[in-house]
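One structure is given here, and the rest of the page talks about it.
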2 protein chains.
Amino acid sequence: MFALGFERHGATQYIRDEILHMAARIEDVAAHAGVSVKTVSRVLNGYTNVRANLRARIETSIKDLNYVPNASARSLAGNRSYLVALLYDNPTAVSSYIMDVIVGVLQACDGTPYNAVLHPFDAADDLAARIDGFVAQHRPDALVLVPPHANNARLLQRLHELDIRYSTISSKLRESCIDIGFDERKAAADIVGHLLSLGHQRIGHVTGLKGHGARTWRHSGYRDALRKAGIAYDESLVVDGDFTFAAGVAAARTLLDHDRPPTAIFAANDDMACGVMREAYERGLTIPGQLSVCGFDGTPVSQLISPGLTTVRQPCREMGCAAVESVLQAIRDPAMRQQERLPYQLQLRESSAAPGKS
Amino acid sequence: MFALGFERHGATQYIRDEILHMAARIEDVAAHAGVSVKTVSRVLNGYTNVRANLRARIETSIKDLNYVPNASARSLAGNRSYLVALLYDNPTAVSSYIMDVIVGVLQACDGTPYNAVLHPFDAADDLAARIDGFVAQHRPDALVLVPPHANNARLLQRLHELDIRYSTISSKLRESCIDIGFDERKAAADIVGHLLSLGHQRIGHVTGLKGHGARTWRHSGYRDALRKAGIAYDESLVVDGDFTFAAGVAAARTLLDHDRPPTAIFAANDDMACGVMREAYERGLTIPGQLSVCGFDGTPVSQLISPGLTTVRQPCREMGCAAVESVLQAIRDPAMRQQERLPYQLQLRESSAAPGKS
DNA sequence: TTTTTAATTGACAGCGCTTGTATATTTGGC
DNA sequence: GCCAAATATACAAGCGCTGTCAATTAAAAA
């Protein structure tokens with residue numbers, strides 16, 4: 001007879017599964033169900049032209065044998081990898097933004113045959129070449145890009161050349177065929193509107209990093225709200241930031257040293273808002289009594305800090321999820337175009353109140 | 001002649017690479033270098049019995065053609081996936097802890113032929129079965145487990161049965177052959193020692209969630225420090241927590257309502273420390289003037305909050321990195337055992353000071 | 001019923017790589 | 001210069017799956 005370890009058919013089925021703990025193969029399922037391998041493959045891949053009774057029998061066999069298709073074999077034969085790659089930058093410090101997006105991406109893959117590969121790429125000059133290498137190795141069926149890569153026109157161009165489906169999150173570029181985001185401009189206007197409705201007249205703004213869509217959109221929203229309230233835009237109340245805590249501290253210093261300092265500050269993200277709160281703390285200013293502070297993003301810190309930070313909850317997880325779902329659709333329908341705007345949430349907490357009130 | 005799209009050899013090399021953007025195959029490299037496929041394979045897989053001049057020529061060809069081996073084909077043929085899977089729980093909320101570990105894991109894979117697959121598994125009863133499915137699908141060469149899965153004896157047992165190499169991070173179990181961590185007990189003792197050295201005599205402690213090694217170790221460290229300072233352990237100063245902000249708030253309430261409230265509180269993680277700070281804030285207590293607070297973990301919030309939170313920086317990234325490196329070694333040497341303790345850092349910030357001082 | 005057409009199923013090749021066997025070539029020690 | 005050891009080649013097989021296309025079956029039409 002055959003050596004046990006190598007025999008793989010018929011009678012030794014029991015031995016393979018129960019004793020050798022070897023995973024079942026499609027061939028085993030086919031034998032168990034009494035059909036051809038190809039038919040099992042059809043069921044696995046969601047083809048509809050399999051008669052109901054056969055389909056049921058096959059599905060039972062799959063369950064009985066605990067069969068799960070081997071991803072590598074599938075990928076090799078089908079010229080599809082069942083991989084969605086998430087490309088982000090800054091390998092050394094993952095922001096809570098990216099973290100949340102990742103959660104959404106993984107969530108969207110769950111229950112599908114697709115899996116996520118995460119890959120940090122720093123924004124080097126040879127980015128396109130490095131993407132080529134990455135693609136050659138993994139052949140991802142789709143990519144999801146977050147800023148700043150989502151704003152890299154050369155990169156998108158290269159992906160078009162390679163004919164790889166991708167979706168972006170919060171991209172500034174019109175080249176992106178599928179983009180997921182939310183109305184940042186309106187959200188910023190909403191939160192500044194909230195400060196205005198509390199009675200604030202002089203509202204400072206700390207902007208985001210140049211080149212990011214977020215900087216532009218949030219700044220525009222700030223201006224929109226002021227305009228709507230009939231308050232003149234005062235350039236001296238707007239300070240450049242770069243999304244870091246330190247920038248928030250520095251900006252707060254500038255704003256609080258102003259001849260007529262603002263009674264509220266809207267920072268373009270939560271980290272900078274924390275920096276503003278730090279500077280207020282150092283100066284012994286009470287929040288919101290002497291200064292109201294608002295952030296943007298809804299990172300975990302906004303809940304943990306005291307007082308709780310008023311902010312906009314950005315739907316990061318939902319965006320990650322939607323980005324994957326859309327791009328998977330686009331695999332089937334390459335002509336697909338989509339600009340999806342997801343709902344955001346104003347998160348009113350204790351850091352904002354009427355001016356002069358404790 | 002041949003149809004362009006299908007011709008793959010010799011003269012059409014240029015066409016394939018430059019125009020069709022098709023990735024090179026091992027066969028192309030062999031042709032380019034004028035050697036056999038097998039020899040290229042040897043170089044790729046690090047066999048030493050290839051003469052230097054051939055090796056150099058092949059490596060040049062690889063670079064010239066931008067050749068990257070197809071991961072699926074390699075995995076299928078070689079019965080190795082070059083995949084390291086990171087299993088963690090709680091799919092809906094990735095902690096900054098996990099995120100940092102992920103960064104370390106990805107970093108460790110960078111430059112090796114290995115890649116990381118992330119997979120959240122909630123701690124369900126059928127965990128072992130779901131792991132089986134995951135393993136059947138991806139055939140990871142190695143796994144990295146973080147708590148709580150790292151403490152799941154049945155799971156580790158199953159991995160032994162499946163003969164899959166794994167490493168754990170901060171596991172409580174002695175079954176784990178490779179475990180990476182740091183001396184949490186000593187770190188906790190250090191930070192409590194810091195409070196003692198500032199002159200605090202009554203120090204409260206908010207513990208972690210039951211079942212976690214972190215709870216036990218940090219609590220033991222707390223007791224160690226008190227014992228060393230000759231201070232009697234006072235059970236009424238220790239309150240159960242579960243690592244959440246809300247638990248920190250609740251615990252602070254209990255401790256601050258104490259007949260003789262503590263002058264300092266050591267929370268078993270940063271989130272709970274933030275909860276303690278929130279309750280102090282609500283009561284108008286100044287930190288560190290009227291209450292010193294220490295956390296544990298060194299999450300981003302510890303820097304962003306005001307005053308800055310004194311804490312222990314847990315070497316998450318380094319642990320993720322080390323866990324991968326060790327488990328990859330273990331693939332070569334299955335008998336390997338390792339209990340690695342990495343250095344941690346006391347992060348002294350403004351939330352701790354001498355009692356009664358502002 | 002028989003013929004035509006459509007839907008379902010199966011046999012087989014092959015995805016790109018690694019491994020093994022068998023054979024050929026080179027190298028260096030004496 | 002010869003012989004053994006080290007290195008390289010050719011070739012075939014096969015990893016587990018899917019694509020192509022032909023064979024079969026069922027349904028519709030005659």
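Naming: A, B, ... by sequence-line order, numbering from 1 per chain.
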Quiz item: Taking the six-membered ring for Trp, are the ring centroids of B:F134 and B:H119 within less than 6.0 Å of each other?
Solution: yes
Practice problem: Starting at atom NE2 of B:H138, determine the distance to atom C1' of D:dC15, rounded to an integer number of angstrom. | Solution: 18 Å
Quiz item: Can you tell me how far C1' of C:dG16 sits from CG of B:D28, to the nearest Å?
Solution: 11 Å
Quiz prompt | Pairwise distance CG(A:L65) to CZ(A:R25) - rounded to 0.5 angstrom | solution = 11.0 Å
Quiz prompt | Nearest-Å distance for atom pair CZ/P, residues A:R80 and D:dG16 | solution = 19 Å
Quiz item: Whole-Å distance between C:dT21 P and B:K38 NZ?
Solution: 10 Å
Self-check item: Given C:dG16, D:dA10, D:dC17, the nucleotide with the shortest approach to the side chain of B:A73
Solution: C:dG16
Quiz item: At under 4.0 Å between heavy atoms, what does B:N79 touch on the DNA or RNA strands: base, sugar-phosphate, or nothing?
Solution: nothing
Quiz item: For B:V101, which of B:L106, B:V146, B:I180, B:V324 qualifies under side-chain contact (heavy atoms from CB on, under 4.5 Å)?
Solution: B:V146
Self-check item: Rounded distance (Å) that lies between atom P of D:dT25 and atom CG of A:L54
Solution: 13 Å
Self-check item: N/O donor-acceptor pair, side chain B:R139 with base D:dG16, under 3.5 angstrom
Solution: no
Quiz item: Where each residue is assigned the nucleotide of DNA chain D containing its nearest heavy atom, which of B:R57 and A:V37 is assigned the position nearer the 5′ end?
Solution: B:R57
Quiz item: Hey, does B:R42 reach any base, or is it just sugar-phosphate, or nothing, if we go heavy atoms under 4.0 Å?
Solution: base
Quiz item: Counting only non-hydrogen atoms, which of residues 43-53 of chain A are less than 4.0 Å from DNA chain C?
Solution: A:N49, A:V50, A:R51
Quiz item: What about the rings of A:Y166 and A:H160, do their centers lie closer together than 6.0 Å?
Solution: yes
Practice problem: Determine: side-chain N/O of B:T39 to OP1/OP2 of D:dT9, distance under 4.0 Å, yes or no. | Solution: yes
Quiz item: In whole angstrom, what separates A:R74's CZ from C:dG14's C1'?
Solution: 18 Å
Quiz item: Checking A:R74 against A:Y82: charged group under 6.0 Å from the ring centre and within 45 degrees of the axis?
Solution: yes
Exercise. Flag yes if more than 12 heavy atoms outside A:N79 fall under 6.0 Å of its CG atom; otherwise flag no.
Key: no
Quiz item: When the distance from CD1 of A:I58 to P of C:dT8 is rounded to whole Å, what number comes out?
Solution: 13 Å
Quiz item: A:N70 has an atom CG; how far is it from atom C1' of D:dG16, in whole Å?
Solution: 6 Å
Quiz item: Taking only N and O in the side chain of A:Y82, is any of them less than 4.0 Å away from OP1 or OP2 of D:dC17?
Solution: no
Exercise. Check the side chains of A:S171 and A:D179 for a donor-acceptor pair under 3.5 angstrom, ignoring hydrogens and angles.
Key: no
Quiz item: Contact class for A:L76 (heavy atom, under 4.0 Å): base, sugar-phosphate, or nothing?
Solution: base
